[in-house]
Amino acid sequence: MTTNSVTAKQKLPPGPSGHFLLGNILDFGRDLNGFLSACARKYGPVTRLRMVHRRAFLLSDAKLNEYLLLGNYKNFIKHQLFFRRTRAVFGLGLLSADGDFWRKQRRLAAPAFARDRIAGYGRIMSEYARELVGEWKDGETRDMYTDMRSVAAKIVARSLFDENVAGDVQLVEEAMTDLLEAVTVRMLNPFVAPDWLPTPSVLRYRRAVRRIDDLIHRFIAEHRRNLDQRTTLLAMLMQARDDQNQPMSEQQLRDESVTLFIAGHDTTATALSWTLYLLTQHPEWQKQLQAVVDDKLKGRAPQVSDMAALAPIEWTFKESLRLYPSVSLVARQSLEDCEIGGYQIPGGSLLYVSPAAMHSDPQYFEHPERFMPERWGTDLEARLPRCVYMPFSGGPRTCIGDRFAMMEGVLLLANFLQFFAFEYAGTSHPQPFASITLIPKGGVPVKLRQRDVDHSVSNPSIVEAARLTAGSES
Ligand code: HEM
């Protein structure tokens, strides 16, 4: 992959001509996934792009992605511009940190996401899923994107901060929603006022940051009182010690908490929304999944130990993440000159991998445009090279919450499918829009049909049964 030939140094990869001033920024804003997938098909493994004056390259080849994310990952840091703009939100949390500091933090946070630790969060997931099902009514139309954001926010807030106090979960959800909106504005707008300028939008941003900071510092103080009895993710982070036996500072705990909350809820919420949308478009598959949950669960709340029995639901969630990967761009910045795919890449360049472009490559996925969840029931995953299916990215910086997210996807869908069938109720179909996550623009309006199934639960009303089960588990 790396050669030292003079010709390689002189050659530039092919790429689309963009706007004379802005380069390809406008193409990114219009239809990011469509644009990058088309570039990958047309220009091959490396596409030359430009973001205003900055050189950028799209990689669309398993080996080159691996070089970027695994083989030579120390030469590629996170995209600086976005994280500079949102420093007050993410601070030096896992998502934005780099180098030795990131490595140390990742080591400290890893035990909190170990398989046996996250299994404990399955109960919270099923509990909130059943609480939501308890609110749903037969025949009503609801926006699934709104519902999924709310339930995912509650799950991550509760897993992170609090075992008992439901009111605080609501507060966190509200404060984080404000914060996420502020981050989205900063990401999508090419021109953002500096943090010291008291414009209305900067003041709103500062207020949102202050609100969440106050809450988190309170949670940390409460945790300190009885840390050894706590089982939250925050407690795990507070108990972690580095090589010098030092705990994380209060500021670092705050940065990691905000990062985990933001990285951990909108991603899962969009993935769940797209999955429900896909199920409305494939009613036969939806029925098959209902048969699976009826047969395997017989009306009881699914638990982590049911994951293997619910494999077809996991295939469905994976297929949804293939077609609609929540994160549209894995972005890095090169520290030093290097060579990729025979091309000289100057230090300071932006390097992108598009999960959507990789996931729609016919050399890896048969009929890539089709929804075929059963493909994940074959040996596909074992056959795929690394860095092809990459909704969670790849290499050492792969998503730390990938297992948490898969578990949440499967447990929530299993709970929903037990009690309701889903029909699409929109007049037009949701459009994928690449914001911080791949939002279903226009929402996912769905008509809910209460299922007439005897789960052998004594209460005649299934929804009532859902309420009772949620209550008995809390
Ligand atoms: C379907 C759900 C999710 C998707 C699609 C997703 C996707 C991703 C991707 C693509 C990255 C890597 C970005 C990059 O390489 O630049 C990432 C990183 C990360 N994710 Fe997730 N994520 C999901 C759920 C979660 C959850 C549930 C959590 C935590 C509770 C989480 C926490 C994080 C963190 C902390 C990082 C930074 C890791 C590091 O750099 O060390 N994510 N995620």
Q) Quick one: does Met390's side chain get under 4.5 Å of Asn65's, heavy atoms only? A) yes
Heavy-atom closest pair (Arg54 atom, Leu350 atom, distance to 0.1 Å) is NH2-CD2, 3.6 Å
Fill in: Pro440 vs Phe433 side-chain heavy atoms within contact, under 4.5 Å
no
Audit row: Arg375, Glu319, side chain to side chain contact (heavy atoms under 4.5 Å, CB included) steps and yes/no | CA-CA 8 Å; Arg375 71 172 90 231; Glu319 182 70 346; 3.1 Å; yes
Cationic N near anionic O, under 4.0 Å, Glu423 to Arg449: yes
Lys154 side chain near His265 side chain, heavy-atom distance below 4.5 Å: no
| message | Before you tell me yes or no, could you show the steps for Leu36 and Phe28 under side chain to side chain contact (heavy atoms under 4.5 Å, CB included), namely the whole-Å CA-CA distance, both residues' side-chain angles and the distance that decides it to 0.1 Å? | response | CA-CA 8 Å; Leu36 295 179; Phe28 270 48; 4.1 Å; yes
Going by distance alone, is a donor N or O of one side chain under 3.5 Å from an acceptor N or O of the other, for Arg397 and Tyr73?
no
Please examine the side chains of Pro16 and Asn24, heavy atoms only from C-beta on, and report whether any two atoms are closer than 4.5 Å.
-> yes
- request: Find out whether the Lys NZ or Arg CZ of Arg322 is both under 6.0 angstrom from the six-membered ring centre of Tyr389 and within 45° of the ring's axis.
  value: no
Should Arg142 and Asp147 count as an ion pair when the cut-off is N to O under 4.0 Å?
-> yes
| task | With the side chain counted from C-beta on, respond yes when Arg41 and Ser360 share a heavy-atom pair under 4.5 Å apart, and no when they do not. | result | yes
Notebook entry, point to check: Hey, mind stepping through Asp294 and Gln290 against side-chain hydrogen bond (donor to acceptor under 3.5 Å, both in side chains) and telling me if it holds?
Noted result: CA-CA 6 Å; Asp294 293 348; Gln290 282 160 352; over 6 Å; no
Looking at Arg210 and Asp213, is any side-chain nitrogen of the basic one under 4.0 Å from a carboxylate oxygen of the acidic one?
no
task: Would you please indicate yes or no on a ring centroid separation below 6.0 angstrom for Trp136 and Phe416?
output: yes
Would Tyr352 and Phe57 count as a close aromatic pair, with their ring centres under 6.0 Å? no
**OP:** Kindly indicate, with the supporting measurements, whether the criterion side chain to side chain contact (heavy atoms under 4.5 Å, CB included) is fulfilled by Leu59 and Thr47.
**Re:** CA-CA 7 Å; Leu59 308 186; Thr47 303; over 6 Å; no
How are the rings of Tyr277 and Trp274 set relative to one another: parallel (under 30°), tilted (30 to 60°) or perpendicular (over 60°)? perpendicular
### Task
Classify the angle between the aromatic ring planes of Phe404 and Tyr121 as parallel (below 30°), tilted (30 to 60°) or perpendicular (above 60°).
tilted
Residue pair Asn415, Arg130: steps toward the side-chain hydrogen bond (donor to acceptor under 3.5 Å, both in side chains) verdict
CA-CA 7 Å; Asn415 275 294; Arg130 282 170 117 77; 2.4 Å; yes
